[in-house]
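Written out below as structure tokens is the structure these notes cover.
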Amino acid sequence: MTTTKGKTQTQIRAEARAREAKALDLRLLGYSHERIARELGYQHRSAAKKAIDRALAAIPREAAIQLREIELERLDLAQRSLADKIVHGNLGAIDRLIRIMDHRAKLLGLYEPQPDTGIAEITAVLGAWLGKVREEDEALDDDLPDQDAKTPPVSLHAENSRQTSPGGV
């Protein structure tokens, strides 16, 4: 199957993959998404970013891990180069440090939402409930007279009747 320019779909896909790989190479060299878009003819910086994302997705996992480590080393180098200025209170250097830290957090996936299974909340509620039950059980152990479980104590009947009577609260 050919297109209007005489290229097959396979050729078009191969050219797109080569362009995406070039975009990734430029990004690794430190080019901005805007500059990559200009250099490679993408319509917008977001198109360049998407091309880089596709190229990254095509990289085997081991290579992606190596790429992340290289980026982290670059961030460490940049951060170290700011250390003296940061210690002396240079606000521009401090601002740059915060941007480096933000980029590192994104690279490591620290901003990704963690799955909320609700187990921690359920555990806390059940733990509090169990503690309360144990306290009540300990307080009642010595106070209860020996009675048949089916017959409530007289004091409970009297209290229930006070709560349900027209004047009672």
Side-chain angles (χ1 to χ4, degrees), residues 1-139 141:
M1 172 184 273
T2 59
T3 64
T4 56
K5 293 185 179 183
K7 294 181 181 179
T8 65
Q9 289 293 332
T10 303
Q11 290 171 325
I12 293 171
R13 276 191 227 110
E15 288 174 3
R17 295 303 152 278
R19 194 167 131 185
E20 291 167 0
K22 179 68 174 167
L24 179 58
D25 289 342
L26 292 175
R27 186 67 179 144
L28 291 174
L29 291 173
Y31 284 45
S32 69
H33 291 116
E34 290 172 7
R35 185 166 177 197
I36 294 168
R38 280 194 315 268
E39 295 274 332
L40 299 179
Y42 288 105
Q43 295 267 331
H44 192 267
R45 67 183 299 274
S46 64
K49 183 182 181 325
K50 288 177 185 176
I52 293 165
D53 290 344
R54 284 190 301 272
L56 284 171
I59 295 174
R61 183 157 176 76
E62 296 79 26
I65 291 170
Q66 288 176 337
L67 178 61
R68 182 179 294 122
E69 288 174 3
I70 290 169
E71 280 296 309
L72 289 170
E73 287 174 15
R74 287 181 179 163
L75 293 173
D76 289 342
L77 177 64
Q79 185 172 338
R80 280 192 303 272
S81 71
L82 297 171
D84 192 45
K85 291 178 182 178
I86 291 169
V87 169
H88 289 93
N90 182 308
L91 296 180
I94 293 170
D95 182 55
R96 182 64 57 185
L97 171 66
I98 292 169
R99 290 180 66 193
I100 290 170
M101 292 168 64
D102 181 57
H103 187 71
R104 180 181 287 113
K106 288 176 185 174
L107 187 63
L108 294 173
L110 299 179
Y111 293 146
E112 298 296 321
Q114 300 299 315
D116 181 17
T117 60
I119 291 175
E121 186 175 346
I122 291 170
T123 302
V125 169
L126 290 177
W129 175 77
L130 183 59
K132 185 172 176 113
V133 167
R134 284 182 177 156
E135 288 175 12
E136 290 175 1
D137 185 47
E138 289 173 8
D141 274 347

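For I52, the side-chain contact (heavy atoms from CB on, under 4.5 Å) partners at least two apart in sequence or on another chain are A23, L24, R27, H33, I36, L56. Taking the side-chain hydrogen bond (donor to acceptor under 3.5 Å, both in side chains) definition, one finds that E15 meets it with K7, sequence neighbours left out. Every residue two or more places apart in sequence or in another chain that forms a side-chain hydrogen bond (donor to acceptor under 3.5 Å, both in side chains) with Y42 is listed here: R19. Under the rule for a salt bridge (Lys or Arg N to Asp or Glu O under 4.0 Å), the partners of R104 that lie at least two apart in sequence or sit in another chain are D76. Every residue two or more places apart in sequence or in another chain that forms a side-chain contact (heavy atoms from CB on, under 4.5 Å) with S32 is listed here: E34, R35. Every residue two or more places apart in sequence or in another chain that forms a side-chain hydrogen bond (donor to acceptor under 3.5 Å, both in side chains) with S46 is listed here: H44. With sequence neighbours left out, the side-chain hydrogen bond (donor to acceptor under 3.5 Å, both in side chains) criterion links R74 to E71.
In this structure, CG on L75 lies 10.5 Å from CZ on R80, to the nearest 0.5 angstrom. A distance of 5.0 Å separates CG in L67 from CG in L28, rounded to the nearest 0.5 Å.
A side-chain hydrogen bond (donor to acceptor under 3.5 Å, both in side chains) check over residues 94-103, counting only residues at least two apart or in different chains, returns the pairs D102-K106, D102-Y111. Within the structure, the salt bridge (Lys or Arg N to Asp or Glu O under 4.0 Å) test picks out the following pairs touching residues 47-58 (sequence neighbours left out): E20-R54, K49-D53.
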Point to revise | side-chain contact (heavy atoms from CB on, under 4.5 Å) assessment of I100 paired with L82 | key: CA-CA 10 Å; I100 290 170; L82 297 171; 3.7 Å; yes
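Contact record, A55 with A21: CB-N, 4.3 Å, taken as the closest heavy-atom pair.
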